[in-house]
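Notes follow the structure.
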Amino acid sequence: MAILKNNLPIGFFDSGVGGLTVLKEVKRLMPNENFIYFGDTLHVPYGDKTKEQLLEYSKDILTFFEEKKCKAVVMACNTTSSTIYEDIKDKYSFKIYPIVQTVAKVLANTSIDRLGIFATKATISSNAYQNEIAKYNSNMKVFGQHCPEWVKIVENNTSERAESIEIIKNDLNLMLRNNPQKIVLGCTHYPFLLPVLTKFAPKELFIDPAKYFAQAINTDLTLAGLTNDNSSEHTEEFYVSSEPDKFKNSAKMFYEIEQTVNLLNF
Ligand code: DGL
């Protein structure tokens with residue numbers, strides 16, 4: 001007899017609170033699903049790590065999701081999607097949904113001519129957004145820019161400090177010189193900074209990839225017959241590899257976590 005997979009959880013992982021921007025959108029579209037979130041706060045920032053380090057961290061996290069019997073896993077991290085997704089995509093019992101590849105495909109089919117990408121050093125150096133977009137659209141001009149301080153600002157919840165605002169404003173001004181029609185917040189931490197970014201540029205300029213991503217995974221899991229239609233049962237679990245209280249506190253401005261955040265060391 002086939003095992004009923006529909007009510008099994010969807011796993012999410014990122015280096016810290018950033019992936020909550022993706023979880024929030026997926027939950028909005030798929031409210032009946034059960035979710036497990038893992039924030040690798042011990043190793044944040046991922047954007048400065050080598051490919052070997054990221055492979056090592058993701059192995060433990062994905063094994064944990066296998067033990068939890070996840071039916072699908074969201075690589076809610078642009079950095080790992082850009083650097084290690086291709087190496088690990090077929091190694092597990094569940095399908096892995098990478099944010100960069102999923103979103104680049106949607107962006108490539110828009111009428112945008114000049115697209116800015118804000119992302120981590122690893123994502124920008126990989127050229128993953130450019131390469132993925134070019135597979136479907138060779139006319140779009142893509143301008144990548146690394147924002148070295150932004151992840152730290154979000155994890156430490158210091159976006160309201162004057163020095164943080166100055167850093168964000170300067171990075172934004174640098175990008176605006178390219179005259180982009182839209183700017184993708186190509187690191188899951190960056191949508192936390194929208195209240196600051198929108199002090200200096202219109203809200204419509206920025207794209208939070210989470211919305212596109214949520215639509216894509218919803219469509220794919222529906223087509224695969226894997227969505228959970230049982231609305232009476234719905235769970236969320238949160239795990240981090242260090243400082244659960246700091247995680248809960250930094251998450252606050254974007255995502256209210258009611259549950260206990262569990263500390264998990266592999
Ligand atoms: N939020 C992740 C991303 O989307 C990683 C950020 C980091 O830890 O450097 O790239």
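Quick note: numbers below take in every heavy atom, side chains included, and nothing from hydrogens, waters or symmetry partners. Read the numbers this way: they start at 1 and go in the same order the structure lists the ligands and their atoms. If you read the sequence from its start, that first residue is 1, and numbering goes on from there.
Counting heavy atoms of neighbouring residues, nucleotides and ligands inside a 6.0 Å radius, atom NZ of Lys182 exceeds 12 of them.
For ligand 1, the atoms lying closer than 4.0 Å to a non-hydrogen atom of Thr120 are 6 (C), 9 (O), 10 (O). Of all the atoms in ligand 1, the ones that sit under 4.0 Å from a non-hydrogen atom of Gly47 are 7 (C), 8 (O), 9 (O). Under a 4.0 Å criterion applied to the non-hydrogen atoms of Ser15, ligand 1 contributes the atoms 5 (C), 6 (C), 7 (C), 8 (O). In the vicinity of Val44, heavy-atom distances shorter than 4.0 Å reach the ligand 1 atoms 8 (O). Heavy-atom contacts of Thr79 reach the following atoms of ligand 1: 3 (C), 5 (C), 10 (O) (cutoff under 4.0 Å).
Aromatic pair Tyr239/Phe64: centroids less than 6.0 angstrom apart. Between Tyr255 and Tyr37, the ring centre distance reaches or exceeds 6.0 Å.
Ligand 1 is never approached by Gly18 to a heavy-atom distance shorter than 4.0 Å.
The closest side-chain donor-acceptor pair between Lys246 and Asn156 falls under 3.5 angstrom. In summary, the side chains of Thr188 and Asp14 do present a donor paired with an acceptor at a separation below 3.5 Å, with no hydrogens or angles considered.
Residue Asp14 has at least one N or O atom closer than 3.5 Å to an N or O atom of ligand 1. Among the atoms of Thr123, none of the N or O lies under 3.5 angstrom from an N or O of ligand 1.
Contacts between Asn78 and ligand 1, counted as non-hydrogen atom pairs separated by less than 4.0 Å, involve both the backbone and the side chain. With a 4.0 Å heavy-atom cut-off, ligand 1 is reached by the backbone of Pro45 and by its side chain too.
Phe65 and Phe13 have tilted rings, their planes meeting at an angle from 30° to 60° on a 0 to 90° scale. Ring pair Phe192/Phe254 is tilted by interplanar angle, where 30° to 60° counts as tilted.
Of the protein's non-hydrogen atoms, the one nearest atom 7 (C) of ligand 1 is Tyr46 N, 3.2 Å.
Among the candidates Glu236, Glu256, Glu33, the single residue satisfying the salt bridge (charged side-chain N to carboxylate O under 4.0 Å, His left out) test with Lys27 is Glu236.
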